[in-house]
Number of protein chains: 2
Amino acid sequence: MKHITIKDVARKLKVSVSTVSRAFNDKYDIRAETKELILKTAKEMGYKPNPIARKLIQQRSLNIGILVPEFINSFFPEVIIGAQEILIEKGYQVLIMQSNESAEIELKNLETMLDNMVDGLIVSLCSENKNIERYKSIIESGTPIVFFNRVIEELPASKVVFDDYKWAFFATEHLIVQGHRDIVHFSGPKNLTLSKNRSQGFDAAHRKYKISEGKKITCGFSMEEGERVALELIEKNEIPTAIFAASDPSAIGAMKVFKEHGYRIPNDIAIVGFSESSLAEHIAPPLTSVSQPTGDIGQTAAKLLLDQIETTGLFIPQTIILNGRLNVRESSIKVD
Amino acid sequence: MKHITIKDVARKLKVSVSTVSRAFNDKYDIRAETKELILKTAKEMGYKPNPIARKLIQQRSLNIGILVPEFINSFFPEVIIGAQEILIEKGYQVLIMQSNESAEIELKNLETMLDNMVDGLIVSLCSENKNIERYKSIIESGTPIVFFNRVIEELPASKVVFDDYKWAFFATEHLIVQGHRDIVHFSGPKNLTLSKNRSQGFDAAHRKYKISEGKKITCGFSMEEGERVALELIEKNEIPTAIFAASDPSAIGAMKVFKEHGYRIPNDIAIVGFSESSLAEHIAPPLTSVSQPTGDIGQTAAKLLLDQIETTGLFIPQTIILNGRLNVRESSIKVD
DNA sequence: AACGTTTTCGGAAACGTTCTCGGGAATAAT
DNA sequence: ATTATTCCCGAGAACGTTTCCGAAAACGTT
């Protein structure tokens with residue numbers, strides 16, 4: 001009552017194992033009729049080639065691994081769906097793992113993927129990125145890999161990123177144009193390129209309008225982090241007139257705390273988020289935020305990866321920068 | 001420059017392949033010193049047992065597959081994280097796939113998981129569930145599997161579900177107690193047990209208070225579906241005084257449309273959702289919703305699965321019903 | 001010294017495939 | 001009729017492990 005193997009099929013039809021194999025892999029010489037017969041009876045017998053054995057000998061799996069730091073917020077799921085669209089069409093299956101922002105789990109996940117002989121990887125790093133050396137060795141070994149969103153510059157691999165600098169600039173400019181001169185930036189985790197870029201965009205906007213540099217506070221991406229930092233500001237009584245947060249959840253967390261303490265949004269404090277989450281337009285007041293083309297990010301990452309997989313010989317890593325949009329909503333516009 | 005295999009290690013140390021294998025699988029007779037030596041030089045050489053080959057011969061992978069219909073909303077991710085906590089601790093790795101509510105993709109995902117020889121499956125069905133026969137055959141073949149949330153009664157497997165009937169009853173009762181007599185239920189996809197249960201809870205509450213049966217409209221779980229049904233009601237000018245939606249996104253979608261058309265929530269229309277999403281408490285007005293113990297669901301599912309994996313011989317499927325909470329917020333309470 | 005036991009190891013078969021090689025039969029060409 | 005060509009197919013090695021079987025070595029017992 002065990003698995004039906006290629007041998008069973010061969011025996012039943014009194015043909016050789018190789019012939020059965022040929023029937024399942026078109027590329028070999030086999031008479032059309034025999035092929036048909038084999039395929040038919042194989043189906044009847046419930047035979048299906050064992051992919052593990054196939055992987056062992058072919059060294060490919062038609063599986064792609066996607067590694068993300070979290071997927072509570074809709075950002076990563078949306079990216080994944082975008083990537084899946086492309087990959088499934090090409091016959092690949094997508095395996096997803098999440099590290100819950102833990103470098104340790106990230107590493108384990110990574111090894112599991114490699115163990116499963118994925119043909120390629122699409123990864124977004126967790127905020128405490130300690131596995132750079134491992135990634136370097138993977139890249140060196142020739143495993144196709146593309147990074148997105150949470151990226152490290154020094155890794156010589158393809159990347160698809162967002163123009164964080166530019167859109168942080170626009171977001172900040174928007175606040176400045178509204179008349180704000182005392183803006184605090186909730187910046188993301190320090191070791192991410194993305195945090196640095198957003199932070200620099202924030203500064204650049206100040207420079208353009210010749211305003212003294214705004215204050216910056218390091219703040220994680222989560223709602224809790226936003227709440228924490230907002231409370232800190234309230235306790236120190238250093239309330240700015242506007243906040244530019246590096247993520248939507250942290251913006252929303254902050255908004256919640258401020259509202260609870262009697263501040264009115266946007267009249268007392270204007271708030272702008274980043275990385276449009278599905279919440280943005282539904283919370284009160286609706287949150288101004290920079291939206292990223294999540295689907296596109298996934299799709300281009302998938303395409304880059306497929307390119308690399310199909311390229312024999314030297315592959316030259318590319319970095320693709322995608323554009324976004326500033327969705328202006330009530331949280332940043334003074335109303336009377 | 002290829003992979004380092006067990007043979008390379010054996011050759012270098014002038015021992016047999018089996019001895020090296022023994023060093024990596026404690027259970028066999030091997031002298032402590034030889035083992036140490038082998039492990040040491042293996043590490044130096046960068047050797048790691050190839051899990052594909054191991055799977056082929058051992059027929060197990062220490063991988064668990066989790067199949068969900070979507071993960072844009074935080075519900076499924078939260079469940080997954082709960083399951084992961086338990087599984088990782090036991091040495092299992094978790095592979096996740098999502099079907100985007102498509103039965104076809106669900107089936108493909110399922111086969112991929114099986115292809116990868118997962119030791120067990122945790123699955124929540126997509127709304128158009130057409131793969132029941134396949135699941136039956138999987139269960140029959142003895143593959144450990146547990147279903148959660150989106151469940152089909154007739155499948156003889158372990159399940160962890162929510163007491164949808166009870167909490168739909170409470171949610172409806174809450175609206176009735178607020179004085180509502182004209183409540184519309186946005187029920188979920190018809191073929192899900194969960195929809196039926198919620199719908200019956202809705203009816204039961206009406207019966208208890210001797211109110212004529214409320215109107216029910218089939219509505220998907222997504223925001224778009226909620227918007228669609230709300231528009232329908234507006235066009236037909238059949239505006240109820242309250243809505244009990246089978247999901248938060250559909251409640252939120254409806255709320256959005258009603259607000260855009262000038263209806264005030266909750267004064268003109270009270271709304272209650274289901275399956276607390278992270279949005280609920282942040283939208284305007286905050287949404288009354290039934291919250292499910294997402295983490296618990298994942299954990300119990302994982303535990304049930306591990307039980308089944310470790311049980312040799314006959315396994316008796318269990319169904320575990322978990323409790324929730326009604327979070328009453330402004331969307332359902334008349335204010336003046 | 002002869003024999004039994006235990007420890008430690010090597011040989012080789014398995015797991016389920018793919019794929020190269022070579023050969024026989026059928027067909028075409030000379 | 002002989003040779004060349006094409007078309008099919010079978011044999012068997014390979015992928016990288018685990019694990020059964022048996023044997024050599026070491027040790028203890030009488």
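First the proteins, then the strands, lettered A, B, ... as listed; each starts at 1.
A sub-4.0 Å separation between OP1 or OP2 of dC9(C) and a side-chain N or O of Thr34(B) is present. When the side-chain nitrogen and oxygen atoms of Arg31(B) are compared with OP1 and OP2 of dT8(C), none of them lie within a distance under 4.0 Å.
Heavy-atom distances under 4.0 Å link DNA chain D to Tyr47(B), Lys48(B), Pro49(B), Asn50(B), Ala53(B) of residues 42-53 of chain B, given in residue order.
For the side-chain contact (heavy atoms from CB on, under 4.5 Å) with Asn63(A), the lone residue among Asn116(B), Leu95(B), Asp115(B) that qualifies is Asn116(B).
With dC15(D), dC20(D), dC19(C) as the choices, the nucleotide that has an atom nearest any side-chain atom of Arg22(B) turns out to be dC20(D). The nucleotide whose nearest atom lies closest to any side-chain atom of Val15(A) is, among dA14(D), dC9(D), dG10(D), dG10(D). The side chain of Asp29(A) lies closest to dC8(D) when the candidates are dT18(C), dG16(C), dC8(D). Out of dG16(D), dC21(C), dT18(C), the shortest distance to the side chain of Leu56(B) is found at dG16(D). Among the nucleotides dC9(C), dG16(C), dT18(D), the one closest to the side chain of Gln58(B) is dT18(D). Closest approach to the Ile57(A) side chain among dT18(D), dG16(D), dA14(D) is made by dA14(D) (side chain taken as heavy atoms from C-beta onward).
Residue Ser18(A) is in base contact, counting any heavy-atom pair closer than 4.0 Å across all strands shown.
Look at NZ on Lys7(B): it is 13 Å from P on dA12(C), rounded to the nearest Å. In this structure, Arg11(B) atom CZ and dG16(D) atom P are separated by 11 Å, rounded to whole Å. Regarding Ile30(B), its CD1 atom lies at a distance of 9 Å from the P atom of dG10(C), rounded to whole Å.
Side chains of Thr112(B) and Gln93(A): a donor on one and an acceptor on the other come within 3.5 Å. For the residue pair Ser16(B)/Thr19(B), the side-chain donor-acceptor check at 3.5 Å is satisfied.
Residue pairs satisfying the side chain to side chain donor-acceptor pair (under 3.5 Å) criterion with at least one member in residues 70-91 of chain B, sequence neighbours excluded, are listed as follows: Gln98(A)-Gln84(B), Glu70(B)-Asn73(B), Ser74(B)-Glu78(B), Glu78(B)-Thr294(B), Glu85(B)-Gln299(B).
The aromatic rings of Tyr135(A) and Phe147(A) stand perpendicular to each other, their planes meeting at an angle above 60°, with 30° marking the opposite boundary.
For Ile66(A) against Ala83(A), the heavy-atom pair with the smallest separation is CD1-CB, 4.0 Å.
Of the residues near DNA chain C, Val17(A) and Ser16(B), the one whose nearest nucleotide (by heavy atom distance) lies more toward the 5' end is Ser16(B).
Nucleotide dT30(D) is matched to dA1(C) when pairs are restricted to Watson-Crick or G-U wobble geometry with both distances under 3.5 angstrom.
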- request: Kindly determine whether Arg150(B) and Glu101(B) satisfy salt bridge (Lys or Arg N to Asp or Glu O under 4.0 Å), including the steps that lead there.
  value: CA-CA 11 Å; Arg150(B) 309 266 199 100; Glu101(B) 300 283 9; 2.8 Å; yes

